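Notes to accompany the following structure.
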Amino acid sequence: VSTQSTGGTHLPATAQAANQEALYLARRFNGVASAVSKPFEYNHVFTLAYIGGYKALLDGGGHRRLSGVLAFLMWRTAYWTSSVSWSNKLLIPMHWFKSFMFGRDTSKF
């Protein structure tokens, strides 16, 4: 699949764009009438990026932008809720707490 949308603009190299295009292609290959009749359109929902030091960036498209600790908490919430298994939902906060208390480099001990 090309990295260009039907309008000629390049799509971002993100999982969000790939997921939307995969769903579109699945509907098209399965013969769903609405997908066959219209071309693919990318819908930017938001982008989160962790930049270190308990800070992150959120770009919601348009004028919705956020940075700092609040964006970091939103990034952590999105990461945690996207985990599939319950064991990961328990382990992820434990690892976050461990790295908060002792740091990421455990080779010093």
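We're numbering straight along the sequence, starting at 1. Values below: every heavy atom of this structure, side chains too, minus hydrogens, waters and symmetry copies. This one's a predicted model, so the numbers in the text were calculated from it and none came from an experiment.
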Separation of [Y] [atom2] from [X] [atom1] (nearest 0.5 Å):
{"X": "Thr81", "Y": "Ile92", "atom1": "OG1", "atom2": "CD1", "result": "9.5 Å"}
{"X": "Phe40", "Y": "Arg27", "atom1": "CZ", "atom2": "CZ", "result": "9.0 Å"}
{"X": "Met94", "Y": "Asn88", "atom1": "CE", "atom2": "CG", "result": "12.0 Å"}

Q: Give the minimum heavy-atom separation between Pro12 and Ala17, together with the two atoms involved.
A: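 Result for this residue pair: O-CB, 3.4 Å.
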Q: Could you pull out the closest heavy-atom pair between Val45 and Arg64, with the gap in Å?
A: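 Shortest heavy-atom contact: O-NH2, 4.0 Å.
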Without placing hydrogens or testing angles, list every side-chain donor-acceptor pair under 3.5 Å for residues 66-80, not counting sequence neighbours.
{"residue": "Thr77", "atom": "OG1", "partner": "Leu73", "partner atom": "O", "Å": "2.8"}
{"residue": "Trp80", "atom": "NE1", "partner": "Lys89", "partner atom": "O", "Å": "2.8"}

Any donor and acceptor pair, going by atom type alone, linking the side chain of [X] with main-chain N or O of [Y] inside 3.5 Å?
{"X": "Gln20", "Y": "Asn43", "result": "yes"}
{"X": "Asn19", "Y": "Ala15", "result": "no"}
{"X": "Gln16", "Y": "His44", "result": "no"}

Just distance, no hydrogens or angles: give the donor-acceptor pairs under 3.5 Å from side chains in residues 54-62, sequence neighbours left out.
{"residue": "Asp59", "atom": "OD1", "partner": "Gly61", "partner atom": "N", "Å": "3.1"}
{"residue": "Asp59", "atom": "OD1", "partner": "Arg65", "partner atom": "NE", "Å": "3.4"}

Q. Is Glu41 close to Tyr24 at the side-chain level, that is, under 4.5 Å between some pair of heavy atoms?
A.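 A side-chain contact is absent here, since even the closest heavy-atom pair is not under 4.5 Å.
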Q) Does any non-hydrogen side-chain atom of Trp86 lie less than 4.5 Å from one of Leu90? A)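 No, their side chains stay 4.5 Å or more apart.
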Q. Do Phe102 and Phe97 share a hydrophobic cluster, counting only Ile, Leu, Val, Met, Phe, Trp and Tyr and linking them when any side-chain heavy atoms are less than 4.5 Å apart?
A.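 Yes, one cluster joins them.
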